Amino acid sequence: MSSFIRDERGLSEELTSLPALAIIMTGFAIFFIMIAGVYHSYNQEMESIDEYQTANFILEKITTSDGALAKKGIMMEGGLISLINFERINEKIMDEIIKESGIEGERFALKLELKKGYDELKNPLIRGRLPTTEYITVSKRVTVYLNEVKKVPGVLSVMVWEV
């Protein structure tokens, strides 16, 4: 047994273990990079969902029967959007709508489109200053009041961005 312990003729295999260790460490690095990518994608998806929920909340809040659009005469009884009053929205009125909505820390603009086939409104009406950065848009189908005789389907959109 003592000859086994004192035998100094053995060879060291350190150089063959280094490539294996390098491969294992590369595998760990790739694994952690993939986990970080998944985590980042998940966070972006959650932020996007939060932004859409915020935009939807603003749209629902301002289009209620006692919401900011109804107080300004833009939304009439029965949920009709008055095209004449919508066209009269200027920056001052838009700022008042934002203030009356009670939403803190968010800015938004309104867009009204008539369904295709109605030539009264060829381009969508956008009220409010749009940012040059990204914004989230949420839409709701509405009926647009043109006059006593004519009411047409349309889409009211709220475009929200962070301040």
Side-chain angles (χ1 to χ4, degrees), residues 24-163:
I24 290 171
M25 295 310 291
T26 303
F28 276 127
I30 291 172
F31 173 75
F32 286 124
I33 289 171
M34 289 175 59
I35 292 296
V38 168
Y39 180 74
H40 180 71
S41 296
Y42 175 76
N43 281 340
Q44 280 186 324
E45 189 70 28
M46 297 290 34
E47 287 176 12
S48 178
I49 289 171
D50 288 343
E51 290 170 355
Y52 277 108
Q53 287 176 341
T54 300
N56 189 50
F57 175 74
I58 291 171
L59 179 63
E60 293 301 322
K61 184 165 179 142
I62 66 172
T63 58
T64 59
S65 60
D66 60 342
L69 293 181
K71 290 178 184 174
K72 294 293 177 192
I74 298 163
M75 181 161 278
M76 303 165 53
E77 227 174 281
L80 298 171
I81 300 289
S82 171
L83 181 63
I84 295 168
N85 292 342
F86 191 88
E87 287 175 334
R88 291 183 184 151
I89 296 176
N90 56 24
E91 287 185 26
K92 181 183 173 214
I93 293 173
M94 192 64 204
D95 288 339
E96 289 173 6
I97 290 171
I98 291 170
K99 192 181 295 180
E100 288 178 12
S101 70
I103 308 296
E104 296 292 326
E106 299 289 339
R107 297 283 299 172
F108 59 89
L110 298 173
K111 179 170 85 171
L112 183 65
E113 295 178 88
L114 297 182
K115 288 292 188 178
K116 292 181 181 175
Y118 301 101
D119 53 16
E120 289 86 4
L121 184 61
K122 293 187 183 350
N123 297 322
L125 289 173
I126 298 177
R127 296 297 181 238
R129 289 170 281 183
L130 287 176
T132 56
T133 60
E134 295 181 5
Y135 52 88
I136 301 293
T137 303
V138 175
S139 301
K140 178 180 186 178
R141 293 183 188 275
V142 293
T143 303
V144 180
Y145 175 86
L146 300 176
N147 55 40
E148 289 292 329
V149 179
K150 200 166 192 179
K151 297 168 187 74
V152 296
V155 176
L156 179 66
S157 301
V158 171
M159 293 167 272
V160 179
W161 61 94
E162 290 184 11
V163 176

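Small disclaimer: the values here were computed from a predicted structure and weren't measured.
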J.: For the atom pair CD1 (Ile58) and CD1 (Ile136), what is the distance rounded to the nearest 0.5 Å?
T.: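 Reported to 0.5 Å precision, the distance equals 11.5 Å.
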J.: Only counting residues at least two apart or in another chain, list the ones meeting side-chain contact (heavy atoms from CB on, under 4.5 Å) with Ser157.
T.: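 Checked Ser157 against side-chain contact (heavy atoms from CB on, under 4.5 Å); matches are Lys111, Thr137, Ser139, Val155.
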J.: Take Leu83 and Val152 through the side chain to side chain contact (heavy atoms under 4.5 Å, CB included) test and state the conclusion after the steps.
T.: CA-CA 10 Å; Leu83 181 63; Val152 296; over 6 Å; no
J.: For atom CE of Met46, decide whether the heavy atoms of other residues, nucleotides or ligands shown that lie under 6.0 angstrom number more than 12.
T.: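 Counting neighbours around CE of Met46, more than 12 heavy atoms of other residues, nucleotides or ligands fall under 6.0 Å, so yes.
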J.: Could you give me the CA-CA distance, side-chain angles and deciding distance for Ile81 and Thr63, then say whether side chain to side chain contact (heavy atoms under 4.5 Å, CB included) is met?
T.: CA-CA 9 Å; Ile81 300 289; Thr63 58; 5.6 Å; no
J.: Who pairs with Lys92 by side-chain contact (heavy atoms from CB on, under 4.5 Å), at least two apart in sequence or on another chain?
T.: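 Lys92: side-chain contact (heavy atoms from CB on, under 4.5 Å) contacts with Asn90, Glu96.
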J.: With salt bridge (Lys or Arg N to Asp or Glu O under 4.0 Å) as the rule and sequence neighbours excluded, what pairs involving residues 53-70 come up?
T.: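 Matches after skipping sequence neighbours: Glu60-Lys140.
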J.: The criterion is side-chain contact (heavy atoms from CB on, under 4.5 Å); which residues satisfy it with Leu80, sequence neighbours excluded?
T.: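 Leu80 satisfies side-chain contact (heavy atoms from CB on, under 4.5 Å) with Met76, Thr143, Tyr145, Lys151 once adjacent residues are dropped.
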J.: Pair up each side-chain donor or acceptor in residues 26-37 with any protein partner under 3.5 Å, not counting sequence neighbours, and list the distances.
T.:
from: Thr26; atom 1: OG1; to: Ala22; atom 2: O; distance (Å): 2.8

J.: Does the pair Ile74 and Ile97 meet the rule for a side chain to side chain contact (heavy atoms under 4.5 Å, CB included), with working shown?
T.: CA-CA 11 Å; Ile74 298 163; Ile97 290 171; 3.8 Å; yes
J.: Just jot down the side-chain contact (heavy atoms from CB on, under 4.5 Å) partners of Asn43, sequence neighbours excluded, or say none.
T.: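 For Asn43 the side-chain contact (heavy atoms from CB on, under 4.5 Å) partners, ignoring immediate neighbours, are Tyr39.
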J.: Show, in sequence, the C-alpha distance, side-chain angles and deciding distance for Glu51 and Val160, and conclude whether the side chain to side chain contact (heavy atoms under 4.5 Å, CB included) test is met.
T.: CA-CA 8 Å; Glu51 290 170 355; Val160 179; over 6 Å; no
J.: Could you pull out all residues at least two apart from Gln53 that satisfy side chain to side chain donor-acceptor pair (under 3.5 Å)?
T.: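 Scan of Gln53 (side chain to side chain donor-acceptor pair (under 3.5 Å), adjacent residues dropped) gives none.
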J.: Does any N or O in the side chain of Ser48 come within less than 3.5 Å of the main-chain N or O of Gln44, such that one atom is a donor and the other an acceptor?
T.: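 No: the side chain of Ser48 does not pair with the backbone of Gln44.
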